[in-house]
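Atoms within a ligand are numbered from 1 in the order they appear, just like the ligands themselves.
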Amino acid sequence: MGLTCMLGDITNVKADAIVNAANTSLLGGGGVDGAIHRAAGPELLEECRALHGCRTGEAKITKGYRLLAHYVIHTPGPIWHGGNQNEADLLKNSYYNSLQLAEQYQCKTVAFPSISTGVYRYPLGLAAPIAVNTITEFLKTSHYVQDVIMVCFDSVTKQAYEDAMMV
Ligand code: APR
């Protein structure tokens, strides 16, 4: 299938790995981070505590516990500060490093939320092309990762990714 996008709640998606738009503490929060921790149960936070945080743009993997997904890949995306603090590269790194981990763990299907475009205020119109281009490039050479789903929580976000996929 390659890269597709859907409207939905990522905690209900049956993928080998779902990606969490985390923060650098990896100790949970609001938004999709909060939803994933609620759905996975308390063991997820226990495992995250042992990871001792994660730098922006990097990624760490845990089990999925009560989620349908086998794994959760946690990546802190960049906070938007106007675009002059390396935000674009950091966002690209979040997608790329998450996919690298999925490949390393032999995942076939990976589901992403729209990283950084909520609380972190990354403009959707700038983030979507970065996500789509990074994922598309990765899929050209990946061996295990075959299908990536952008799981959009609202129709405006879904439209932005569909537009970026049309280019
Ligand atoms: N499924 C899919 N997408 C979701 C869900 C969900 N259940 N809940 C929220 N989203 C969407 C948001 O609507 C937004 O499009 O995920 C996208 C990312 O928004 P945030 O969750 O706010 O993530 P981000 O902008 O990366 O900010 C991360 O927010 O929740 C805290 O702990 C988190 O500090 C970190 C920060």
Side-chain angles (χ1 to χ4, degrees), residues 3-42 44-49 51-62 64-83 85-99 101-102 109-132 134-135 147-165:
L3 173 59
T4 57
C5 83
M6 64 172 279
L7 192 62
D9 178 336
I10 201 167
T11 63
N12 296 327
V13 172
K14 188 168 175 19
D16 294 321
I18 65 168
V19 177
N20 179 22
N23 58 55
T24 53
S25 75
L26 294 188
L27 298 178
V32 69
D33 194 3
I36 287 174
H37 274 274
R38 277 192 299 280
L44 179 61
L45 182 58
E46 264 177 58
E47 187 174 358
C48 284
R49 281 195 208 290
L51 295 176
H52 304 299
C54 184
R55 280 199 294 260
T56 300
E58 298 190 2
K60 292 190 177 179
I61 194 166
T62 65
Y65 299 102
R66 299 176 194 170
L67 286 162
L68 295 174
H70 195 65
Y71 297 110
V72 180
I73 294 172
H74 307 262
T75 183
I79 298 170
W80 180 254
H81 293 292
Q85 296 192 18
N86 206 26
E87 292 99 322
D89 285 346
L90 288 168
L91 185 64
K92 178 182 171 62
N93 291 350
S94 270
Y95 283 98
Y96 182 79
N97 289 324
S98 298
L99 288 165
L101 260 182
T109 56
V110 184
F112 279 96
S114 177
I115 297 170
S116 284
T117 65
V119 165
Y120 282 1
R121 293 178 300 102
Y122 206 116
L124 189 51
L126 298 177
I130 292 172
V132 168
T134 305
I135 294 164
D147 302 319
V148 177
I149 313 149
M150 284 304 308
V151 182
C152 303
F153 208 45
D154 59 76
S155 54
V156 171
T157 300
K158 182 167 182 283
Q159 189 60 60
Y161 282 90
E162 283 171 342
D163 293 349
M165 287 161 70

Exercise for the section: Answer yes or no: is there a side-chain heavy-atom contact under 4.5 Å between Trp80 and Leu126? Expected result: yes
Tyr161 and Cys152 have their tightest heavy-atom pair at CD1-SG, 3.9 Å
Below 4.5 Å, heavy atoms only, C-beta onward: do Asp147 and Thr4 meet side chain to side chain? no
When rounded to the nearest 0.5 Å, the distance separating CD1 of Ile135 from CZ of Phe112 is 5.0 Å
ask   = Would you find a donor on one side and an acceptor on the other, under 3.5 Å apart, between the side chain of Thr56 and the backbone of Pro78?
value = no
### Message
Tell me if a side-chain donor or acceptor on Asp16 pairs with a main-chain N or O of Thr109 at a distance below 3.5 Å.
### Response
yes
Close N/O pairs between ligand 1 and protein, under 3.5 Å:
{"unit_1": "ligand 1", "atom_1": "1 (N)", "unit_2": "Ile10", "atom_2": "N", "d": "3.0"}
{"unit_1": "ligand 1", "atom_1": "7 (N)", "unit_2": "Asp9", "atom_2": "OD1", "d": "3.0"}
{"unit_1": "ligand 1", "atom_1": "21 (O)", "unit_2": "Val32", "atom_2": "N", "d": "2.8"}
{"unit_1": "ligand 1", "atom_1": "22 (O)", "unit_2": "Val119", "atom_2": "N", "d": "2.9"}
{"unit_1": "ligand 1", "atom_1": "25 (O)", "unit_2": "Gly118", "atom_2": "N", "d": "2.8"}
{"unit_1": "ligand 1", "atom_1": "25 (O)", "unit_2": "Val119", "atom_2": "N", "d": "3.1"}
{"unit_1": "ligand 1", "atom_1": "25 (O)", "unit_2": "Tyr120", "atom_2": "N", "d": "3.1"}
{"unit_1": "ligand 1", "atom_1": "26 (O)", "unit_2": "Ser116", "atom_2": "N", "d": "2.9"}
{"unit_1": "ligand 1", "atom_1": "30 (O)", "unit_2": "Gly30", "atom_2": "N", "d": "3.0"}
{"unit_1": "ligand 1", "atom_1": "30 (O)", "unit_2": "Gly30", "atom_2": "O", "d": "2.7"}
{"unit_1": "ligand 1", "atom_1": "32 (O)", "unit_2": "Asn23", "atom_2": "ND2", "d": "2.9"}
{"unit_1": "ligand 1", "atom_1": "32 (O)", "unit_2": "Asp33", "atom_2": "OD2", "d": "2.7"}
{"unit_1": "ligand 1", "atom_1": "34 (O)", "unit_2": "Asn23", "atom_2": "ND2", "d": "3.4"}
{"unit_1": "ligand 1", "atom_1": "34 (O)", "unit_2": "Tyr120", "atom_2": "OH", "d": "3.2"}

